[in-house]
Amino acid sequence: MTAVDAGGQLRPVGDGSELKRAYSCFPTGVVAVCCEIDGQPVGLAASSFATVSLDPPLVSFCVDNGSTTWPRLRGAPALGVSVFASGQAAHCRQLAGPAERRFEGLSMQSGPEGALLLPGATAAMACTIADEIAAGDHTLIMLRILHLHSDPSMEPLVFHASTFRALENR
Ligand SMILES: Cc1cc2nc3c(=O)[nH]c(=O)nc-3n(C[C@H](O)[C@H](O)[C@H](O)COP(=O)(O)O)c2cc1C
């Protein structure tokens with residue numbers, strides 16, 4: 001492991017692999033963004049979740065412009081956002097995997113207006129889409145929270161350097 005000599009080692013942005021490597025140094029949580037459409041669960045996992053505003057209550061995430069799931073999610077009256085707990089890495093992988101098997105074996109909970117929530121998550125929010133902002137090859141989705149539940153005493157799932165990790169007290 002080497003510390004970055006930021007001044008001396010900076011290079012032009014270059015190709016996507018350097019960018020992905022740098023972005024992966026920033027640890028994040030991961031959320032499931034899900035809803036029910038015509039009785040079918042629809043959703044994906046996203047590590048780009050961020051808190052934005054208290055008043056009004058806004059959170060955001062970024063969706064790849066190539067996503068085949070987002071065009072379905074964006075038509076729903078409400079979206080469920082569930083923050084994965086540390087024991088839910090397998091659920092997270094599944095919700096990022098082949099769309100036809102994303103909900104296999106998962107007992108999702110119905111929230112208001114078709115929002116779908118993952119049981120055992122550390123926080124759950126039912127949201128409406130407040131804005132969609134073009135942002136390069138992604139779109140920044142601004143969500144307004146309508147209802148929520150949370151338990152900060154639960155350990156969250158952490159995504160860092162393309163791996164799932166756990167937090168440690170210092
Ligand atoms: C840990 C993790 C984090 C992810 N974060 C995002 C994200 O922030 N935005 C996004 O568009 N896709 C993200 N993905 C990919 C989606 O979960 C999903 O695989 C992708 O949207 C392709 O499926 P789709 O075509 O059904 O949308 C992530 C995947 C993993 C495993």
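Remember, it's 1-based here, ligands and their atoms both numbered in the order they're listed. What you see is a predicted model; the values in this text were computed from it and never measured.
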Under the salt bridge (Lys or Arg N to Asp or Glu O under 4.0 Å) test, residues paired with E100 that sit two or more places apart |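 Partners of E100 under the salt bridge (Lys or Arg N to Asp or Glu O under 4.0 Å) test: none.
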
Polar side-chain atom of R102 near backbone of G43 as donor-acceptor pair, under 3.5 Å =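 At least one qualifying donor-acceptor pair exists.
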
Return a table of N or O atom pairs, ligand 1 on one side and protein on the other, at distances under 3.5 Å, rounded to 0.1 Å.
residue  : atom   : partner : partner atom : Å
ligand 1 : 5 (N)  : S47     : N            : 2.9
ligand 1 : 5 (N)  : S47     : OG           : 3.4
ligand 1 : 8 (O)  : S47     : N            : 3.3
ligand 1 : 8 (O)  : S48     : N            : 3.2
ligand 1 : 8 (O)  : S48     : OG           : 2.6
ligand 1 : 9 (N)  : C62     : O            : 2.8
ligand 1 : 11 (O) : D64     : N            : 2.8
ligand 1 : 14 (N) : A45     : O            : 3.3
ligand 1 : 17 (O) : A45     : N            : 3.3
ligand 1 : 17 (O) : A45     : O            : 2.7
ligand 1 : 19 (O) : A96     : O            : 2.8
ligand 1 : 23 (O) : R102    : NH2          : 2.9
ligand 1 : 25 (O) : T68     : N            : 3.0
ligand 1 : 25 (O) : T68     : OG1          : 2.7
ligand 1 : 26 (O) : T68     : OG1          : 3.3
ligand 1 : 26 (O) : T69     : OG1          : 2.4
ligand 1 : 26 (O) : R102    : NH1          : 3.0
ligand 1 : 26 (O) : R102    : NH2          : 2.9
ligand 1 : 27 (O) : S67     : OG           : 2.5
ligand 1 : 27 (O) : T68     : N            : 3.4
ligand 1 : 27 (O) : T69     : N            : 3.3
ligand 1 : 27 (O) : T69     : OG1          : 3.4

Which residues pass the side chain to side chain contact (heavy atoms under 4.5 Å, CB included) test with A45, sequence neighbours left out?
->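 With sequence neighbours excluded, A45 shows a side chain to side chain contact (heavy atoms under 4.5 Å, CB included) to V30, F84, C92, L95, A96, given in chain and number order.
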
How close do C127 and L143 get, heavy atom to heavy atom, and via which atoms?
-> CB-CB, 3.8 Å

List, by chain and number, the other hydrophobic cluster members for L58, where Ile, Leu, Val, Met, Phe, Trp and Tyr join if side-chain heavy atoms come within less than 4.5 Å, directly or indirectly.
->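 Hydrophobic cluster check, L58: joined to V52, I133, L140, M142.
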
Would you call the rings of F159 and F164 parallel, tilted or perpendicular, where under 30° means parallel and over 60° means perpendicular?
-> tilted

